[in-house]
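Naming convention: chains lettered A, B, ... in sequence-line order (proteins, then strands); numbering from 1 in each chain.
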Amino acid sequence: MLSFFALLLFLAALMILRMPIAFAMGIAGCVGLAVQIGLNPALAVLERTFFDTASSFVLVAIPLFILMAELLTAGDVTRRAIVACQAWVGHVKGGLAVATVGAAVLLAALVGSSTASTAAMSASAFPEMRRHRYDDRLAAAVVSVGGTLAVVVPPSIVLVVYGVLTETSIGKLFIAGVIPGLLTAFGLAAVIKVISHRTDYAPKGDPFRLGHAMGVSWQVLPMVLLIMAVIGAIYGGVASPTEAAALGVLGSLLICLAQRTLRMRALGGSLGNAIRATVMIVAIVACSAIFANYLAFTRVTQTVLAAVSDTDMPRYAILMIMVLILLVMGMFMDQLAILSLAMPLAFPAAMALDFDPVWFGIIVTKTVEIGLLTPPLGLNAYVAAAQTRVPLRVIFRGLLPFIAMELVILGLLIAFPQITLWLPGLM
Amino acid sequence: MIAIGKLLSRIEDTLHYGGCLALAAVVVLINADILMRLGFGRPVQIQFEMTELYLMPALATLSLSRVFRDGGHLALDIVPEHMPGLAGHVIRRIRLLLAAAFFAAVTYMSGKFALRAFTRGEIEFGVIDWPLGWAYAAIPLGCGVLVLRLFYETLNEGASNASP
Amino acid sequence: ETLRLGDFQSTTHIVSVEGTTRWMKAVEEATKGEITFEHFPSEQATKAAALLDAVNHGILDAALIGTIYHGESLPMNSVVGLPGFYGSAVTGTAALQAMLADGPLREELLESGVVPIFGFVLPPYQVLAKKRLGGPADWSNLNIRTAGSTQAMTARSLGAVGVSIPGPEVYTAVETGRLDGILFPLASVPGYNLQEVVTHISRNGSFGGYSFVMVVHRDRFEGLPEAVRTAMLEAGKDVAAHVAKAQDDSIEDLAGKWTGQGIDVYEFTEDELAAQRSAMADVSADWLTRIGRGEETAKAVLEQYRMLTSD
Ligand code: NA
Ligand code: NA
């Protein structure tokens with residue numbers, strides 16, 4: 001236990017002294033493993049961690065969605081779509097940020113990974129918000145938090161992994177995610193409205209002119225058609241969600257060609273940007289896998305969860321502690337690693353307390369998603385920072401009110417299970 | 001030193017273009033698979049294994065060093081980037097050396113792993129016989145160049161602004 | 001003494017409940033606590049494909065490996081993946097246990113630095129689809145999800161297209177029609193809830209097998225007292241038979257449950273089975289030339305496997 005806290009201190013020191021987050025997790029994980037299982041086995045872990053992390057077909061959705069967004073932006077498609085949106089909502093303070101949340105919901109029906117969704121929006125919606133003089137604190141936070149909708153609204157990789165780990169109905173989980181996802185979207189919109197009124201982060205645009213709005217509306221068409229085509233490809237059985245991402249890239253390319261708005265140079269730049277973000281993300285995921293490995297071998301999670309579920313506290317108190325543990329894990333780890341570490345104990349404990357497995361799945365998913373927004377390791381914030389070049393601390397500060405709203409929504413979902421269970425109950 | 005720096009940058013850029021090409025190849029392969037399937041009922045069978053075994057590891061790791069050079073591996077920014085004085089100088093060097101040691105270990109271990117696959121002629125029996133050595137090789141390549149970059153920055157500390 | 005044991009199933013999976021966990025408990029009891037285990041389920045310790053290496057390097061002391069992930073180190077063990085052989089987990093497990101006791105399957109495990117304690121198989125893969133698939137004519141040009149090259153070849157030999165789709169996307173892919181069918185072990189269907197998205201499930205097909213082997217690091221095993229080694233092997237024997245039977249029984253239960261939910265759980269006719277078998281014979285031939293390199297060892301392994309699995 002002592003060595004565990006010493007290691008956490010070491011990790012904290014590395015992070016505070018500006019070691020890149022991926023490297024810090026890898027180094028601390030490696031040192032921890034050497035203490036826990038010996039130097040040679042610890043080194044042996046390095047043999048294939050990076051390969052096993054990178055060699056994943058599901059992961060390819062990340063560079064593909066970034067590339068799609070980069071192309072749409074480079075080819076002026078995003079800007080034109082935003083001009084059309086702006087004509088309708090621009091006279092409202094914060095209207096564009098709210099429209100971004102709307103776009104995030106649409107994107108969520110397409111993407112199953114919140115990292116991919118955040119990356120796509122950082123490359124498309126963020127530059128437009130900046131162009132319209134939105135403060136970085138708001139704009140970067142909105143794309144970071146908007147991305148998390150992708151795993152609550154189906155399809156969702158996190159919900160599937162939860163379903164497989166716990167043998168819970170994936171169909172019910174998917175349907176159960178819809179209302180909490182929409183509720184979250186409304187919550188985020190509300191936060192944007194409050195921020196817009198209290199601060200000058202969101203400028204007020206030109207007054208509303210119906211003629212102008214009607215006139216530019218068609219500009220949103222290519223973007224909407226593309227998204228509809230890709231969603232159509234998924235739900236029409238033409239492509240799996242990951243394959244559909246590649247289709248989206250092709251579609252963006254075709255639109256740009258048709259509009260003659262994309263130069264060869266910009267195409268190369270888009271590829272480079274997609275690679276850049278992907279390399280950073282995979283480095284973080286691989287290195288945090290090393291750290292998660294260390295954490296697994298310490299059995300800290302198991303010890304704490306077992307101690308909690310053995311007490312005779314009221315069931316909601318135990319649930320709250322479990323949520324708290326997941327939130328803390330979310331500060332340092334990838335969501336899927338958290339699920340694999342915590343669910344073998346947390347799930348049976350929750351079932352013994354008579355909680356509903358589908359509802360518990362949504363609670364757990366919401367909770368680990370909040371981890372993507374919290375420092376030190378909040379992957380969505382890192383993705384947004386890498387793409388937008390907004391400093392991390394600015395993003396983390398901007399995220400505070402949104403995290404508060406996420407916690408409120410989590411509280412609502414815990415207090416009123418029917419919000420989650422009503423739709424699947426109709427099945 | 002300047003010549004070494006230029007050479008290093010050139011290697012990084014080459015690997016980066018390799019990563020970009022891998023991503024472009026993924027786009028082409030998956031779309032070819034979908035279109036061939038829809039149009040002619042004949043999928044591109046190698047698509048999945050090619051992507052998972054070779055293209056993903058390549059596009060995710062070949063640019064590790066180039067991304068570092070561009071400041072793309074983000075760090076928490078609680079303390080200021082350039083702490084003044086000797087302390088700041090020492091901290092930056094230790095940071096670079098620690099990172100270099102870690103990636104040297106990754107390079108060595110993953111390199112040994114790839115080498116073993118080459119010498120034993122390891123094969124993944126997929127749609128075709130895939131030689132595994134080439135699949136594994138991207139990792140030590142990407143990490144190895146990063147180690148060189150980290151050493152270079154350590155020696156050049158103060159002269160360059162690319163340190164993390 | 002505490003042994004670190006890793007696997008890649010969730011703790012709710014039947015293979016874990018009736019196999020891994022049960023074996024650990026049996027060993028702990030038989031050795032009166034002299035041996036205890038630290039269990040790292042669901043890839044906590046390492047990815048499924050890295051389990052064998054992890055035991056080899058002493059990251060873990062023991063692991064339940066899926067041999068299909070280690071085709072390179074364990075080519076002969078991949079014989080179990082071939083279609084058209086065993087008809088139930090009990091039959092397949094008896095055959096596997098016999099081959100692990102002595103012969104090339106055991107040898108190549110020892111050579112890669114681990115001792116096989118016991119092995120068992122999943123019940124044979126079945127086909128799940130949105131229509132009833134019988135003889136090869138029904139399979140023509142369908143997109144069938146397969147895992148690994150042997151299964152892809154199986155699908156092709158029946159005239160279908162073998163499609164690789166990662167586990168987390170299978171559910172959506174079937175639901176939306178990207179896939180027409182899936183080859184899947186029935187015991188794992190509840191985990192992925194695939195019964196929610198298909199209407200027809202076969203139950204007497206044999207579209208390939210899947211073997212698990214519990215392995216312990218070789219030096220580690222040899223360093224254990226005689227009594228402990230015996231206890232492990234004895235418990236292994238019981239558990240292998242038990243988990244096989246439990247899986248066959250659970251499939252009975254699942255079939256009943258699914259029928260109750262309106263799913264057509266059907267049996268192939270003798271004619272359909274014969275037609276499938278003759279089409280799938282190509283797969284064994286391909287295995288011999290590609291993986292077995294036409295060598296005598298491979299021929300002998302295949303022959304022995306055929307003999308042990310035929311009733
Ligand atoms: Na989604
Ligand atoms: Na976090």
Mind checking whether [X] and [Y] have parallel, tilted or perpendicular rings, split at 30° and 60°?
| X | Y | result |
| --- | --- | --- |
| A/Phe291 | A/Phe332 | tilted |
| A/Phe23 | B/Phe103 | perpendicular |
| B/Tyr136 | B/Phe113 | tilted |

### Task
Answer yes or no: are there more than 12 heavy-atom neighbours, outside B/Arg116 itself, under 6.0 Å from its atom CZ?
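Yes, the 6.0 Å shell around CZ holds more than 12 heavy atoms from other groups.
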### Task
Can you establish whether the number of heavy atoms outside B/Arg120 located under 6.0 Å from its atom CZ is more than 12?
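More than 12 within 6.0 Å, yes.
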Chain B contact via [X] - which portion, at a heavy-atom distance below 4.5 Å:
| X | value |
| --- | --- |
| A/Ile281 | neither |
| A/Ala283 | side chain |
| A/Leu267 | neither |
| A/Leu14 | side chain |
| A/Val238 | both |
| A/Ser56 | backbone |

Heavy-atom contact with chain A under 4.5 Å, split by part of [X]:
| X | result |
| --- | --- |
| B/Ala135 | both |
| B/Leu38 | side chain |
| B/Ile139 | side chain |
| B/Ile91 | side chain |
| B/Leu29 | neither |
| B/Leu64 | both |
| B/Tyr108 | neither |
| B/Ser63 | both |

### Task
Give me the one residue out of B/His16, B/Glu153, B/Glu12 that meets side-chain hydrogen bond (donor to acceptor under 3.5 Å, both in side chains) with B/Arg69.
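The side-chain hydrogen bond (donor to acceptor under 3.5 Å, both in side chains) with B/Arg69 is passed solely by B/Glu12 among B/His16, B/Glu153, B/Glu12.
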### Query
Who wins among A/Thr278, A/Val394, A/Ile27 for the most heavy-atom pairs under 4.5 Å with chain B?
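Of the candidates given, the most pairs with chain B belong to A/Ile27.
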### Options A/Thr53, A/Val60, A/Ile21, ranked by heavy-atom pairs under 4.5 Å with chain B, top entry
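Most pairs with chain B among the choices: A/Val60.
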### Query
Does A/Glu243 pair with B/Arg37 as a salt bridge, N-O distance under 4.0 Å?
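Counted as a salt bridge, because a side-chain N and a carboxylate O are separated by less than 4.0 Å.
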### Query
Do B/Asp13 and B/Arg66 meet the salt-bridge criterion of a basic N to acidic O distance under 4.0 Å?
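A salt bridge is present here (some side-chain N lies under 4.0 Å from a carboxylate O).
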### Query
Applying the side chain to side chain contact (heavy atoms under 4.5 Å, CB included) test to B/Met50, which of B/Leu55, B/Val26, B/Val127 qualifies?
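The single option meeting the side chain to side chain contact (heavy atoms under 4.5 Å, CB included) with B/Met50 is B/Leu55.
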### Query
Of A/Leu226, A/Val249, A/Leu253, which meets side chain to side chain contact (heavy atoms under 4.5 Å, CB included) against A/Leu72?
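Filter result, single survivor: A/Leu226.
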### Query
If you count heavy-atom pairs under 4.5 Å between each of B/Asn31, B/Val79, B/Val67 and chain A, which one has the most?
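Of B/Asn31, B/Val79, B/Val67, B/Asn31 has the most heavy-atom pairs under 4.5 Å with chain A.
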#### Entry: Among the listed options B/Gly19, B/Ala60, B/Ala22, B/Ala24, the residue most often paired with chain A at heavy-atom distances under 4.5 Å
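Answer, by heavy-atom pair count under 4.5 Å with chain A: B/Ala60.
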### Message
Is any side-chain heavy atom of B/Ile34 closer than 4.5 Å to one of A/Leu247?
### Response
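Yes, their side chains come closer than 4.5 Å.
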